[in-house]
Amino acid sequence: MTGAPRINGPRLLQRLADLGRFGALPGGGTNRLALSDADRAARDWTVQQMRALDMHVAIDAIGNVLATCAGTADLAPVATGSHIDTVRTGGLYDGNYGVMAGLEVVAALRDAGVRTRRPLQVAFFTNEEGARFQPDMLGSLVHVGGMPLADALAAVAVDDGATLGAELARIGYAGTAPVGAPRVDSFVELHIEQGPVLDREGVDIGVVEGVQGICWMEFSFAGHSNHAGTTPMALRADAGMAALRCAAFVHELVARYGGRQLGTVGAVTFQPNLINVIAGRATMTIDLRNTDGTLLRAAQAEVLAHARRLAAEHGVQFSHRSLADFAPVQFDAALVDSVERHARAAGLSTLRMPSGAGHDAQMLARVCPTAMVFVPSAGGLSHNVREHTDARQLEQGANVLLQVMLERANRA
Ligand code: HGY
Ligand code: MN
Ligand code: MN
């Protein structure tokens with residue numbers, strides 16, 4: 001053994017910069033939608049990195065990539081990882097950091113001549129973001145048996161109408177490894193916080209105790225487009241107005257619920273979307289989140305009921321579909337304690353907190369002991385090209401991941 005294993009910070013940063021080339025935006029940031037050409041290139045490069053570390057790489061039927069380095073015993077692996085797809089206005093770190101740090105853990109252990117008892121696995125999961133296909137965390141959801149493979153392959157891209165299955169085949173990632181019942185001992189995901197808490201409090205490590213519930217819906221209103229100047233208000237079937245008043249209701253509901261209730265209307269489309277034409281159709285997305293599953297359900301029911309009332313008032317048809325529906329998740333207490341213990345042993349400040357963002361870890365928690373490690377996001381920015389985390393913080397987080405995985409992989 002050549003000394004205690006330590007993360008090689010410059011090597012981790014170099015991998016993150018190299019990965020950032022795929023889908024790089026001119027002014028900085030990343031646009032790497034799931035199963036796009038940029039995603040294919042990033043996948044190919046990451047698989048190359050995995051193979052260069054002598055890891056066995058398996059690609060499953062939903063395109064998840066699972067790289068494993070053997071342990072001294074043939075036991076279920078201790079896994080880590082995240083995603084390398086991004087939103088259109090992504091940064092360098094969301095998801096990418098967890099995958100590159102996982103590879104750095106493997107490289108650091110190899111440098112130190114350390115072979116763990118249990119195998120170590122580094123994964124990246126398909127379509128975590130949900131920006132192109134829904135639901136989000138689709139690949140890890142299929143991985144753990146939470147969504148039938150056929151349903152996932154039939155998912156339709158919001159940008160160009162391609163099916164997920166066709167896109168997987170097109171980029172060469174329609175793998176053969178089975179999905180639904182993974183052999184995994186535990187899962188620890190390292191991720192940037194993507195929120196303001198750690199940065200504002202000046203805390204080094206977020207000890208994540210769970211993930212809040214997520215409810216994504218698409219609402220559609222269908223009325224009649226007509227002339228904006230000649231159609232009396234009482235004779236209108238204005239789909240656009242119904243949608244906008246529904247968005248205003250979401251804003252009012254969140255203020256009324258307070259606490260940890262969140263509500264976002266991220267996308268609204270009108271047809272024909274012209275200044276002097278009453279909108280005949282309006283489609284909108286609604287993202288509701290809460291750490292309390294009961295309150296989240298109540299918020300969802302209120303928003304749906306109000307949308308129906310608005311549709312009746314405006315004389316328009318209303319329809320909706322669920323795009324994602326995940327209950328809040330609690331992580332494994334012992335593994336969460338391990339994250340806190342190793343962070344403090346390294347002299348780092350810690351804060352226990354829930355995750356505001358969805359993560360693949362919330363899916364792995366269905367099948368094995370799971371925890372997450374957060375590092376600060378400068379200014380709380382994420383899903384934004386200016387997303388940033390200091391090099392020192394990135395290295396600190398990776399060292400905590402290394403120690404947690406090492407302890408877990410070598411336990412009796
Ligand atoms: O939406 C989310 O929380 C995640 O980034 N997919
Ligand atoms: Mn992420
Ligand atoms: Mn994200």
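Whatever order the structure lists ligands and atoms in, that order sets their numbers, starting from 1. Along the sequence shown, residues are numbered consecutively beginning with 1.
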Would you say [Y] and [X] are linked by a side-chain donor-acceptor pair, where the criterion is simply a distance under 3.5 Å?
X    : Y    : result
T126 : R43  : yes
E128 : H83  : yes
E193 : S377 : no
R260 : Q212 : no
S349 : D204 : yes
Q48  : D44  : no

message = Please work out, at 4.0 Å between heavy atoms, whether the side chain, the backbone, both, or neither of W216 comes within that distance of ligand 1.
response = side chain
Atoms of protein origin (N, O or S) under 2.8 Å from the Mn ion (ligand 3) = D94 OD2, E129 OE1, E129 OE2, H383 NE2
Going by distance only, is there an N or O of [X] that falls short of 3.5 Å from an N or O of ligand 1?
X    : value
M137 : no
Q194 : no
D136 : yes
E129 : yes

task = Give a yes/no answer: is there an N/O/S atom of H359 under 2.8 Å from the Mn ion (ligand 2)?
result = no
query = For F331 and H359, what are the C-alpha separation, side-chain angles and deciding distance, and is it a ring pair (Phe, Tyr, Trp, His ring centres under 6.0 Å)?
reply = CA-CA 12 Å; F331 289 144; H359 298 287; 8.6 Å; no
message = Measuring from non-hydrogen atoms of H383 to any atom of ligand 1, is the shortest distance under 4.0 Å?
response = yes
request  = Tell me, please: is R289 in heavy-atom contact with ligand 1, that is, under 4.0 Å?
outcome  = yes
Pair R297-D325, salt bridge (Lys or Arg N to Asp or Glu O under 4.0 Å): steps then yes or no = CA-CA 10 Å; R297 278 280 162 263; D325 197 24; 2.9 Å; yes
query = Going by the order shown, which atoms of ligand 1 are within less than 4.0 Å of some heavy atom of A357?
reply = 3 (O)
query = Is any NZ, NE, NH1 or NH2 atom of the basic residue among R170 and D37 found under 4.0 Å from an Asp or Glu carboxylate oxygen of the other?
reply = yes
ask   = Does R110 pair with D54 as a salt bridge, N-O distance under 4.0 Å?
value = yes
